[in-house]
Structure formats: structure tokens, C-alpha cells
Amino acid sequence: GENVEQHPSTLSVQEGDSAVIKCTYSDSASNYFPWYKQELGKRPQLIIDIRSNVGEKKDQRIAVTLNKTAKHFSLHITETQPEDSAVYFCAAGIQGAQKLVFGQGTRLTINP
Amino acid sequence: SAVISQKPSRDICQRGTSLTIQCQVDSQVTMMFWYRQQPGQSLTLIATANQGSEATYESGFVIDKFPISRPNLTFSTLTVSNMSPEDSSIYLCSVESFADTQYFGPGTRLTVL
């Protein structure tokens, strides 16, 4: 079955700097790649997603890139702010959003 | 996106007992899912709750331990049976939206003593 590896497990950046989180997946049939942000004690919230027919997608300070050949995708956050501090999860789905396999998570800390 | 609620939000239970968690959505959805998130860990899919038929379980999860009901397109329940301390986790339901994205409920924090 699908396996998703996420790195790094923890990331600390200065406010205003950029943060990059990377994920690799094993099943070339995966076609949907969402990113979720989970604040302490809260539910995971979808922040951006990308499908396999697109190489890059951007939403304000957040962007995701996908390299299907290498089977990896990345989350880029620019101009980081303290409210970006959270745990971020990547996921991969073979049947679109139906059967998601999640990465291990990255705890992002923004230092003021 | 759909508004998803779960009950209870948290519970403390004794080992050997069972707990039923409810998930309610404010609109009809085709797909509903149940996940487990162990303390400090990632999310693991338990099963897909199918309306009108038996749930589809992922490897490592069985119906006897996690029976699921899906009586209609807006409601599902997950029961955690014969609980042990290892079942202490957050249990989350999620739904697939019409836009082929997945949204999560607020979760149920379960502690088993």
C-alpha cells in the first residue's frame, strides 16, 4: 500500500523567513496531495491541496509543488508569522480524497 | 465546507467497557471516514463508513473492535469496544466534500483507565 514519508519532524524558523516541508510517496497511482494544519487541541484543517495534473499551486503565502517523476511534493510558507506555528501533515490519496495516507507530521515553530 | 460535529468531545472510560462516538454533518455526503490519532502521532484511517452497507476497514482494524454504523447520508457512529489503555486516542470523523476534498470533525478525546 501507499507509504508517505515527511521531513523534517520539527522545524524552527525566524518570523518573516520561509519554511519548507517535504513529503515523498511510494505509489505512483496517487493523484491527490493535501496539506493539513493542526493547532494544539484542534482538528486538522485543510490549507492547500494539489492534484497530479498540476505541478504547482499557490494561495497567498502558501504554495505546494509536486514532482510526479520523483514522487515528492513540498509545502512552502513565505513571510512566516507566529500564527503559522502548528503541526503540518501531508497526505496522499489514490482515489482522490477518499483514502488518504498521512505523513508523520512536522511541528513548525515560528520564533518572534 | 460541511459543518461536522462529534459527540462526546471527550470521555474517560474504564477498561473493558465500550464507547460510541457520534458524527453528524449538516448536509448529505457520500463518503464518511473514521480516523485515529494516537497522542503526538499522525492520523490513521480506521474505516470508510458506507451508507446502507458494512464499513470498509483498513488493515489492522476489525469490525468486532470498531463497529461502525451509517444509517443515512448525514450521520455515522463509531464504537470502541472492550477498551484498553492502548485505545486512548483522539478519534476523528471526516467527510469528502463535493469538491473532492476531505474535512475533519472536531474529534473525540478518549482516555481509557
Side-chain angles (χ1 to χ4, degrees), chain A residues 1-10 21 23-27 30-54 57 59 62 64 75 86-109, chain B residues 1-10 21 23-26 29-51 55-61 70 76 89-111:
Chain A
E2 175 65 281
N3 183 52
V4 178
E5 297 286 333
Q6 183 172 346
H7 299 282
S9 57
T10 61
I21 303 170
C23 288
T24 60
Y25 60 98
S26 61
D27 195 327
S30 290
N31 57 14
Y32 176 64
F33 308 92
W35 286 87
Y36 289 85
K37 174 184 180 182
Q38 188 175 32
E39 296 174 90
L40 189 63
K42 302 285 184 64
R43 76 186 78 188
Q45 287 195 305
L46 179 69
I47 57 172
I48 196 167
D49 59 7
I50 192 167
R51 299 179 196 273
S52 58
N53 58 346
V54 175
K57 184 177 179 180
D59 183 3
I62 295 173
V64 57
L75 178 71
V87 178
Y88 290 81
F89 293 100
C90 65
I94 293 177
Q95 298 170 261
Q98 289 188 16
K99 283 177 66 102
L100 295 181
V101 175
F102 283 78
Q104 299 89 335
T106 297
R107 182 173 301 278
L108 175 63
T109 303
Chain B
S1 60
V3 176
I4 309 167
S5 60
Q6 282 185 236
K7 287 196 291 188
S9 58
R10 59 178 61 226
I21 302 167
C23 180
Q24 179 76 52
V25 191
D26 69 339
V29 293
T30 306
M31 307 296 291
M32 294 182 75
F33 309 91
W34 287 97
Y35 286 83
R36 182 175 71 183
Q37 187 174 29
Q38 295 177 300
Q41 302 296 311
S42 184
L43 294 88
T44 301
L45 180 63
I46 297 171
T48 302
N50 302 309
Q51 196 269 327
T56 305
Y57 290 84
E58 298 301 308
S59 176
F61 298 96
R70 177 91 191 271
S76 178
S89 289
I90 298 172
Y91 292 86
L92 298 132
C93 71
S94 72
V95 305
E96 184 189 18
S97 76
F98 69 92
D100 193 24
T101 53
Q102 211 175 113
Y103 295 97
F104 286 86
T108 296
R109 183 179 295 272
L110 171 62
T111 301

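Everything numeric in this text was worked out from a predicted model, so none of it was measured.
- With a 4.5 Å cut-off on non-hydrogen atoms, Leu92(B) touches chain A through its side chain but not through its backbone.
- For a heavy-atom cut-off of 4.5 Å, chain B lies close to Lys99(A), Leu100(A), Phe102(A), Gly103(A), Gln104(A) in residues 99-108 of chain A.
- Residues of residues 42-49 of chain A lying under 4.5 angstrom from chain B, judged on non-hydrogen atoms, are Arg43(A), Pro44(A), Leu46(A), Asp49(A) by number.
- If you measure heavy-atom distances from Phe104(B) to chain A, the contacts under 4.5 Å come from both the backbone and the side chain.
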Could you walk me through whether Gln102(B) and Tyr36(A) satisfy the side-chain contact (heavy atoms from CB on, under 4.5 Å) test, starting with their C-alpha distance in whole Å, then the side-chain angles of each, then the deciding distance to 0.1 Å, before giving a yes or no?
CA-CA 10 Å; Gln102(B) 211 175 113; Tyr36(A) 289 85; 3.4 Å; yes
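- Across Thr101(B) and Arg51(A), no two heavy atoms sit closer than the pair CG2-NH2, 3.9 Å.
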